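The structure under discussion is supplied below as structure tokens; questions concerning it will follow.
Both backbone and side-chain heavy atoms feed into the values below; hydrogens, waters and symmetry mates do not. Everything quoted here is computed from the prediction, not taken from an experiment. Residue numbering restarts at 1 for every chain, and letters A, B, ... go by the order of the sequence lines.
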There are 2 protein chains.
Amino acid sequence: MQSPTWRDPVTAADRVLLQIQQAIVEGQIAPGSKISEPELAKKYDLSRAPLREALARLERCHLIERTPNAGARVVKLSVAGLLSLYELRETLEGLACRLAAQHMTDDEIAQVQQLLDQHLSTQRVREGESYYQEAGDVDFHYRVILGSKNPYLINLLCDELYFLVRMYRVQLGMNGPRVSRAFDEHKAIINAIANRDGELADLLMRRHIGASRRNIEQHFKQQGN
Amino acid sequence: MQSPTWRDPVTAADRVLLQIQQAIVEGQIAPGSKISEPELAKKYDLSRAPLREALARLERCHLIERTPNAGARVVKLSVAGLLSLYELRETLEGLACRLAAQHMTDDEIAQVQQLLDQHLSTQRVREGESYYQEAGDVDFHYRVILGSKNPYLINLLCDELYFLVRMYRVQLGMNGPRVSRAFDEHKAIINAIANRDGELADLLMRRHIGASRRNIEQHFKQQGN
DNA sequence: TTGCATGATATTGTCGACAATTTAAATTGA
DNA sequence: TCAATTTAAATTGTCGACAATATCATGCAA
């Protein structure tokens with residue numbers, strides 16, 4: 001899926017950003033490990049200038065943390081961090097729904113409904129294909145977020161928080177048991193938006209994400225991390 | 001006021017960032033105008049490397065917009081943009097209040113209450129000192145945001161959105177008529193937090209910021225910008 | 001005159017090297 | 001042996017120059 005918010009990588013910094021992003025999200029570069037500029041520059045065969053540009057953007061989406069004169073480290077995953085992230089998402093995507101109910105065109109809404117029907121049919125083939133499920137889930141949330149028409153909100157969710165959410169999902173294996181219910185919840189949300197009931201859409205989305213959050217909370221009960 | 005979220009500028013990029021930030025916020029570099037790297041490098045007497053680092057961070061807080069191979073421009077202010085920004089703030093600071101009611105210590109709450117009393121007494125001296133008023137307002141909001149203890153939320157509001165809000169305030173002269181009411185509203189909010197009533201604090205903060213937003217909406221009714 | 005192609009100019013992106021700072025190792029003293 | 005201090009190595013921050021791209025001016029054709 002190509003996002004409407006990403007540009008295709010025209011510059012060397014763009015390309016190496018995508019590679020490192022993927023490497024971090026998938027855990028090929030271990031959480032907490034130090035980022036060595038000379039090492040990565042050699043590995044990806046470019047100079048440190050575009051690499052540092054990429055690092056600046058990685059910091060922007062919270063995948064690394066930099067300290068002056070000391071370099072960058074990949075973020076460490078923690079339950080507390082994950083919960084903080086979901087706290088934010090809950091509220092932000094709720095807002096996105098409320099705004100989407102105001103600003104989405106009937107056409108855009110119809111497209112999302114059609115999208116969900118497609119997901120339903122392809123899912124009916126057989127469940128357990130959690131990859132497609134994830135893609136579909138991401139796609140739905142993206143559409144709603146874009147539907148909010150609020151540029152700051154869109155940038156925030158799609159560019160800054162998205163990769164971190166993905167990193168947690170991939171590395172902590174959060175494709176949980178809430179696979180079948182998600183479709184119904186998505187359906188209910190888009191229906192509320194179609195009825196221009198922003199308040200309800202907001203509530204349903206917060207409940208939708210909140211359920212995931214509580215799911216995680218329970219899963220990690222009394223465990224260090 | 002020095003924010004707990006900012007580090008003191010140890011590097012050349014840090015220093016020039018602060019200077020350009022201020023220049024943009026105060027309009028010394030006109031909105032919409034192009035950023036010339038060679039020009040600025042000469043003006044601030046450093047090479048383009050730290051300057052580009054600074055530009056990357058300026059993009060992060062939405063003060064400039066960059067396009068590949070074409071350079072950076074200072075953001076243009078628009079009523080639509082301002083409203084989008086306030087939409088976000090309304091929800092985010094509401095969330096901050098809800099979380100602050102959960103996570104602030106009694107001590108921290110007492111400090112904020114004490115802070116408000118100080119503001120009240122210094123304001124009683126005479127009104128119209130909107131600069132101190134603004135500083136006090138910022139200070140209050142900061143404390144609550146930090147009280148949320150959510151690192152993503154804190155980073156978002158204090159580092160990414162703060163300067164843009166400030167830029168709008170300074171350049172559109174938004175130190176409006178809502179000076180005296182603000183104190184009472186602040187007081188009500190911190191009281192709700194003190195009572196651990198997160199829901200009420202959330203509501204009051206949203207109303208507090210929403211009032212400003214509607215104030216702006218009305219002020220710019222049927223005007224292009 | 002208008003629109004498009006061509007070339008000159010300026011700007012951004014990238015590179016390799018040096019300076020400043022941090023980190024690790026080695027040395028000294030108790 | 002251990003702690004503190006000094007020295008050495010490695011890493012980050014900064015610089016100036018070159019390459020790639022875009023912008024603007026000029027000229028040409030319709």
* Roughly how far apart are Leu51(A) CG and Lys42(A) NZ, rounded to 0.5 Å? ->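 If we round to the nearest 0.5 Å, Leu51(A):CG and Lys42(A):NZ are 13.5 Å apart.
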
* Indicate, with a heavy-atom threshold strictly under 4.0 Å, whether Ala49(A) touches base, sugar-phosphate, or nothing. =>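 Result for Ala49(A) = base.
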
* To do: Compare every heavy atom of Gly147(A) with every heavy atom of His103(A), then report the nearest pair and how far apart it is.
  =>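 Distance-wise, the nearest heavy atoms are CB-O, 3.8 Å.
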
* Other residues, nucleotides, ligands: >12 heavy atoms within 6.0 Å of Gln28(B) CD ->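 Yes - once you tally the heavy atoms of other residues, nucleotides and ligands closer than 6.0 Å, there are more than 12.
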
* Would you say Arg196(B)'s side chain and Ala101(B)'s backbone share a donor-acceptor pair under 3.5 angstrom? ->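 Yes, the answer is positive, given that a donor and an acceptor are paired below the 3.5 Å cut-off.
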
* **Earlier contact from the 5' end, DNA chain C, for Pro68(A) and Val10(A)** =>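 The residue mapped nearer the 5' terminus is Val10(A).
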
* Between Ala70(A) and Asp45(A), just flag the one whose closest nucleotide in DNA chain C comes earlier from the 5' side. =>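 Checking each residue's closest nucleotide, the 5'-ward one belongs to Asp45(A).
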
* Asked: Lys42(B) has an atom NZ; how far is it from atom P of dA10(C), in whole Å?
  ->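 Atom-to-atom, Lys42(B) to dA10(C), this comes out as 13 Å.
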
* Are Arg166(A) and Phe163(A) in a cation-pi setup, meaning NZ or CZ lies under 6.0 angstrom from the ring centre and within 45 degrees of the ring axis? ->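 Negative - Arg166(A) is either too far from the ring of Phe163(A) or too far off its axis.
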
* Return the 5'-most residue of the pair Arg48(B), Glu53(B) with respect to DNA chain D, ranking by each residue's nearest nucleotide. =>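 Checking each residue's closest nucleotide, the 5'-ward one belongs to Glu53(B).
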
* Heavy-atom pair with the smallest gap, counting every atom of Arg48(A) and Ala41(A) ->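 Scanning both residues completely, I find the closest heavy atoms to be CG-CB, 4.2 Å.
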
* To do: Note the angle between the end axes of the helix from dT1(C)-dA30(D) to dA30(C)-dT1(D), five pairs defining each, rounded to 10 degrees.
  =>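 It comes to 10° between the two terminal axes.
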
* Does a sphere of radius 6.0 Å around NZ in Lys34(A) hold more than 12 heavy atoms from other residues, nucleotides or ligands, not counting ones at 6.0 Å or beyond? ->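 Buried by this count: over 12 neighbours within 6.0 Å.
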
* To do: Please find the earliest and latest nucleotides of DNA chain D, in the 5' to 3' direction, that have an atom within less than 4.0 Å of any heavy atom of chain B.
  =>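 Contacts span dG13(D) to dT23(D), reading 5' to 3'.
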
* **Sugar-phosphate only, base, or nothing, as touched by Ile35(B) at under 4.0 Å among non-hydrogen atoms** =>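 Here Ile35(B) touches the backbone only, sparing every base.
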
* To do: Give me the ring orientation class for His141(A) and His186(A): parallel if the planes are under 30° apart, tilted from 30 to 60°, perpendicular past 60°.
  =>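 Plane angle over 60°, so perpendicular.
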
